[in-house]
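Step one of this worksheet: look at the structure below.
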Amino acid sequence: MTTSQPFIDSNLRRCHDLLNMANLFLAQNKLASASSAIGALRASSALLSPKDTAFFRERLVVLDQEHFRRSGSQLKNHKVVDLSAYRRGRLAQRPMASSTMGLKALYGGSRGARPATAEDDRGNFIYRMPMQVDEVSTSDSLGMENLLQIWQQAQQATGRRHGLPLLSDIDPKFIADIGMLGFVHLIDASSDNPMNFHVSVYGSRVTLFNNRNFSGRTLHDFPIPIYRESVATDYNTVRMTGVPAYHRVIATVDGSRRHYTRLLLPFSTDGNRPDRLLVGVRTDNWLPE
């Protein structure tokens, strides 16, 4: 897995933000907010090149269908979401405070953790090093620390030390504000079989296997057996333990070498059982190409 280069065109970047935001709102069943983001995406995508407009037009069809399925009503015109104004307002606020309780004490983990490796006869290779979650704060992977703080604050708001935040507690606009929108996946981990975990949202700025988008698919649909098995193992571990996990990964996939950091955050739909995962990914600078 790797992440795409930063988008140069501001309209294109905005459209990707709105696409991911609409998908996240739909996954949370926040239909009014999803409708607003969809309307904004429709207006903004009309300003793009014909090729990019076609890309978003196809996704708008899917968004409209899912919104209609959930609400049973046709979409109407909605006010455009002003992401720039939202970000300016957030930047004017004080930064989120770190927890007074050490992450190491909360989530454990071993400094002596060993990497997991896998390879096949086609030259594909996966290396995964489990890292202490408190090391997210020293990572140079942009936005990861803030993503963890968002989860941590939601977890503390439950009033229970080991309580799980609800997926509905997370505002996708916060994810946009920290620059992680498009770099997060949302996984429905309610199945007992991790291969059947459903990809509710696949970050549109994460490129893998020729930019394929796996939204609406399961982990079983991921190409290359050693890759999907390693992903299923790590996702299922977080589902079973209900605690975050952080990895550094080196992967050679179909002849392409990739390295990135990955943060897995557990959420719940009932406050008890971990059945949703928010996965943040960022290209890491700790290893040269």
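Side-chain atoms are counted along with the backbone in the values below, which use heavy atoms only and exclude waters and symmetry mates. Given the structure is predicted, the values throughout are model-derived calculations rather than measurements.
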If you take all heavy atoms of [X] and [Y], which pair is closest and at what distance?
{"X": "Leu219", "Y": "Pro194", "answer": "CD1-O, 3.3 Å"}
{"X": "His67", "Y": "Ser35", "answer": "NE2-CB, 3.4 Å"}
{"X": "Ala154", "Y": "Pro165", "answer": "CB-CB, 3.6 Å"}
{"X": "Val184", "Y": "Leu147", "answer": "CG1-CD2, 4.1 Å"}
{"X": "Ala34", "Y": "Ala22", "answer": "CB-O, 4.0 Å"}
{"X": "Gly179", "Y": "Arg282", "answer": "O-NH2, 2.7 Å"}

When rounded to the nearest 0.5 angstrom, what distance separates [atom1] in [X] from [atom2] in [Y]?
{"X": "Asp171", "Y": "Leu24", "atom1": "CG", "atom2": "CG", "value": "10.0 Å"}
{"X": "Leu166", "Y": "Asp270", "atom1": "CG", "atom2": "CG", "value": "8.0 Å"}
{"X": "Gln65", "Y": "Leu63", "atom1": "CD", "atom2": "CG", "value": "9.5 Å"}
{"X": "Asp134", "Y": "Tyr246", "atom1": "CG", "atom2": "OH", "value": "10.5 Å"}

With side chains defined as the heavy atoms from C-beta onward, is the minimum distance between [X] and [Y] less than 4.5 Å?
{"X": "Leu265", "Y": "Gln155", "value": "no"}
{"X": "Val201", "Y": "Leu26", "value": "no"}
{"X": "Pro244", "Y": "Pro266", "value": "yes"}
{"X": "Val279", "Y": "Tyr235", "value": "yes"}
{"X": "Asp177", "Y": "Asn146", "value": "no"}
{"X": "Arg13", "Y": "Arg205", "value": "yes"}
{"X": "Asn124", "Y": "Tyr227", "value": "no"}
{"X": "Asn20", "Y": "Leu18", "value": "no"}

request  = Please step through side-chain contact (heavy atoms from CB on, under 4.5 Å) for the pair His259 and Arg248, ending with a clear verdict.
outcome  = CA-CA 7 Å; His259 54 85; Arg248 280 175 170 164; over 6 Å; no

### Query
After noting the C-alpha distance and the side-chain angles of Arg262 and Val231, does the key distance pass the side-chain contact (heavy atoms from CB on, under 4.5 Å) rule?
CA-CA 11 Å; Arg262 180 184 61 194; Val231 169; 4.3 Å; yes

Check: Same hydrophobic cluster for Leu148 and Met129, using side-chain heavy-atom links shorter than 4.5 Å among ILVMFWY?
Finding: yes

Worksheet entry | Step-by-step side-chain contact (heavy atoms from CB on, under 4.5 Å) determination, Thr237 to Leu264 | CA-CA 10 Å; Thr237 298; Leu264 307 176; over 6 Å; no

Taking side chain to side chain contact (heavy atoms under 4.5 Å, CB included) as the definition, give me every residue that meets it alongside [X], ordered by chain and number, with sequence neighbours left out.
{"X": "Gln28", "answer": "Phe25, Lys30, Leu167, Ile170, Pro172"}
{"X": "Glu119", "answer": "Phe125"}
{"X": "Asp192", "answer": "Arg239, Arg273"}

So the salt bridge (charged side-chain N to carboxylate O under 4.0 Å, His left out) pairs with at least one residue in residues 43-60 (sequence neighbours excluded) are none

Sorted by chain and number, sequence neighbours left out, salt bridge (Lys or Arg N to Asp or Glu O under 4.0 Å) with Arg128 holds for Asp234

Applying salt bridge (Lys or Arg N to Asp or Glu O under 4.0 Å) to Asp188 and not counting sequence neighbours gives Arg276

Exercise for review: Compute the ring centroids of His16 and Phe56, then answer whether they are less than 6.0 Å apart.
Suggested key: yes

Mutual orientation of the aromatic rings belonging to Phe222 and Phe214 [parallel < 30°, tilted 30-60°, perpendicular > 60°] = tilted

